[in-house]
Q: 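Below: one structure in structure tokens.
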Amino acid sequence: MDFEAETITRDFLPAARSLLAEKLADDYGLYQKEIGEKMNITQPAVSQYLNKKRANKELIRKFRDDPQIMLLIDEAASNAASDETYLHEFRQILETVRAKG
């Protein structure tokens, strides 16, 4: 059995980051380097998130199918694009996932 922190690191963060990177690229027209700067990750990591190589595709689909999670991803992207923190939104996404099992 995994500790919750392991599951968050292995599953939750890559899926949420993948959707955030995608939103920043598609809705805000940012390049991978700019996305990396906003998310405090490297450009190669952004590339892997955008190409769905770091995240579980099934979990991404589940997140995408949840309007509450996608609203929080939208808010996180808006904050990141404005150079504001998006940690509050990621915490809310995590709480939503916890509540839904």
Q: Decide, yes or no, whether a salt bridge links Arg61 with Asp65 under the criterion of side-chain N to carboxylate O below 4.0 Å.
A: yes
Q: Measure the spacing between CG of Leu20 and CG of Asp74 and express it to the nearest 0.5 Å.
A: 10.0 Å
Q: Nearest 0.5 angstrom please: Phe3 CZ to Thr9 OG1, how far?
A: 12.5 Å
Q: Tyr28 versus Ser78: any side-chain heavy-atom pair under 4.5 Å?
A: yes
Q: Is His88 close to Asn79 at the side-chain level, that is, under 4.5 Å between some pair of heavy atoms?
A: no
Q: Hey, does Val97 have a side-chain heavy atom less than 4.5 Å from the side chain of Asp66?
A: no
Q: Drop me the distance from Lys38's NZ to Glu84's CD, to the nearest 0.5 angstrom.
A: 10.0 Å
Q: Using the side chain to side chain contact (heavy atoms under 4.5 Å, CB included) rule, take Phe12 and Ile93 through it: C-alpha gap first, then chi angles, then the decisive distance, then the call.
A: CA-CA 9 Å; Phe12 169 78; Ile93 294 168; 3.4 Å; yes
Q: Rounded to the nearest 0.5 Å, what's the gap from CD1 on Ile69 to CD1 on Ile60? Could you check?
A: 12.0 Å
Q: So, Asn56 side chain and Glu58 main chain: donor-acceptor pair closer than 3.5 Å or not?
A: yes
Q: Given side chains that start at C-beta, do those of Glu34 and Leu24 come closer than 4.5 Å, heavy atoms only?
A: no
Q: Do Lys52 and Glu22 come within less than 4.5 Å of each other through their side chains, counting heavy atoms only?
A: yes
Q: Supply the atom-to-atom distance Arg98 CZ to Arg91 CZ, rounded to the nearest 0.5 angstrom.
A: 11.0 Å
Q: Is there side-chain contact between Arg17 and Phe90, with at least one heavy-atom pair below 4.5 Å?
A: yes
Q: From Glu37 CD over to Asp83 CG, what is the distance, rounded to the nearest 0.5 angstrom?
A: 9.0 Å
Q: Of all the heavy-atom pairs spanning Ala16 and Ile73, show the shortest one and how long it is.
A: O-CD1, 3.9 Å
Q: Ignoring hydrogens, what is the shortest heavy-atom contact between Glu89 and Thr85? Give both atom names and the distance.
A: OE1-O, 4.0 Å
Q: Are the side chains of Tyr49 and Ile35 in contact, using a 4.5 Å heavy-atom criterion?
A: no
Q: What are the two closest heavy atoms between Ser18 and Ala55, and how far apart are they?
A: CB-CB, 4.1 Å
Q: Test side chain to side chain contact (heavy atoms under 4.5 Å, CB included) on Gln43 and Tyr31 and set out the steps.
A: CA-CA 9 Å; Gln43 177 277 319; Tyr31 294 105; over 6 Å; no
